Amino acid sequence: MAIVSQSELRAALAALPRVRLAHLPTPLDPCPRLSDLLQGPRIWIKRDDCTGLAFGGNKTRQHEFILGDAVDRGVDVVIQGAASQSNQSRQLAAASARLGIDCILMPRKDAFYEHVQGNQLVSRLFGATIVPVNAADSVKRAKEDMAARLRAEGRNPAILGMGASEALTLAAVAYVGAYLEIVDQLEALGEPLPTHVYVTSQGSTQAGLQAAARLLGHPTRIVGINPMDSRNEAYEPPASIARQCEQAARILGYELTVEPEDVTNSTAWVGRDYGQPSASAQKASSLLARTEGILVDPVYSGKGFSGLLGDIEAGRLTANDRVVFVHTGGLPAIFSYSEASLDG
Ligand SMILES: *Cc1c(COP(=O)(O)O)cnc(C)c1O
């Protein structure tokens with residue numbers, strides 16, 4: 001049962017504060033050679049690796065709403081900390097440069113910190129202030145301490161990413177927009193709704209897609225493949241993804257009830273750990289590259305794609321299904337995982 005119509009949902013989204021950063025709509029590419037080879041479902045890839053800003057990715061779409069809200073509140077400095085190969089840090093540094101907002105990045109001194117490559121290299125090109133955090137320390141706490149210090153100096157900081165629940169909800173709201181794009185694009189192709197949408201997600205991206213499908217009353221199943229599990233500080237369990245769905249709907253003016261058991265988010269494809277390449281992701285990346293000429297990365301989109309292939313191999317998806325894989329980007333990371341990337 002639909003709670004809202006597509007046009008109402010579009011209008012609710014259009015009423016929110018927003019800055020323009022992304023090249024939208026991103027393409028929806030069919031994958032005929034891959035679908036044939038697998039003898040499985042028809043597959044389309046929603047190319048959010050092509051959002052345009054600083055090599056693209058899902059954070060650019062999300063930052064349109066997160067930074068739209070921040071600008072509205074007079075924020076003059078943004079703080080983000082994560083793995084040293086963070087895609088969010090890269091896209092935030094670029095967006096901040098474009099908007100003229102100061103940006104402080106707090107990369108964890110992890111195994112990829114010393115060699116300045118990939119996302120870390122790109123982040124540094126946009127003039128962000130880099131304040132590294134020791135590998136054993138809490139990045140979340142370091143960001144909070146930094147914000148307190150800036151406030152004491154009379155600045156108006158905003159913390160983004162892990163621990164910033166309002167920003168994470170606005171990130172989800174951005175993916176309500178992505179879902180509407182997918183619906184439009186399939187309709188223009190004369191195709192019915194997808195039976196499944198697969199996406200690599202820690203929470204927000206999945207929550208937005210799922211909130212949209214639920215609000216529109218679509219039976220489409222949203223399947224999240226998590227790049228991390230409860231060992232990681234930034235891990236969000238299904239219960240908080242369900243809450244993010246409800247909160248994203250509420251920001252748009254609608255009440256939605258989502259139970260944790262309504263959320264399909266799998267940690268089965270993490271492999272050894274977050275940020276460590278997995279054999280299944282390497283195999284999946286190589287297959288996609290060789291059949292469709294599309295790249296995924298070893299940390300995020302490659303693991304998500306391995307989850308989709310795993311479900312096809314296990315017979316959980318059949319030739320009658322129609323799947324959209326949302327490509328969330330992450331591509332600069334392939335340059336800091338060069339040896340691992342050739343293993344597949
Ligand atoms: C951040 C990121 C994700 C996860 O996004 P969420 O909104 O946290 O679900 C997935 N893929 C890539 C490439 C990312 O950078």
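Ligands are counted one by one from 1 in listed order, and the atoms in each one are counted from 1 as well. Worth saying up front: this structure is predicted, and the values here are computed from it rather than measured.
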Legend entry - Contact residues of ligand 1, where a non-hydrogen atom lies under 4.0 Å away: Asn58, Lys59, Gln62, Asn87, Thr200, Ser201, Gln202, Gly203, Ser204, Thr205, Tyr300, Thr328, Gly329, Gly330
Legend entry - Counterpart residues, side-chain contact (heavy atoms from CB on, under 4.5 Å), relative to Ser7 (two or more places apart): Ser5
Inset, instruction - Kindly state whether the ring of Tyr179 and the ring of His218 have centres lying under 6.0 angstrom apart. - result: yes
Legend entry - Tyr274 ring center near Tyr235 ring center (under 6.0 Å): no
Inset, instruction - Find out whether Asn119 and Phe112 are in side-chain contact, i.e. whether some heavy atom of one side chain is under 4.5 Å from a heavy atom of the other. - result: no
Inset, instruction - Answer yes or no for Arg61 and Tyr175: cation-pi contact, defined as NZ/CZ to six-membered ring centre under 6.0 Å and angle to ring axis within 45°. - result: yes
Legend entry - Short N-O contact, Lys283 and Glu313, less than 4.0 angstrom: yes
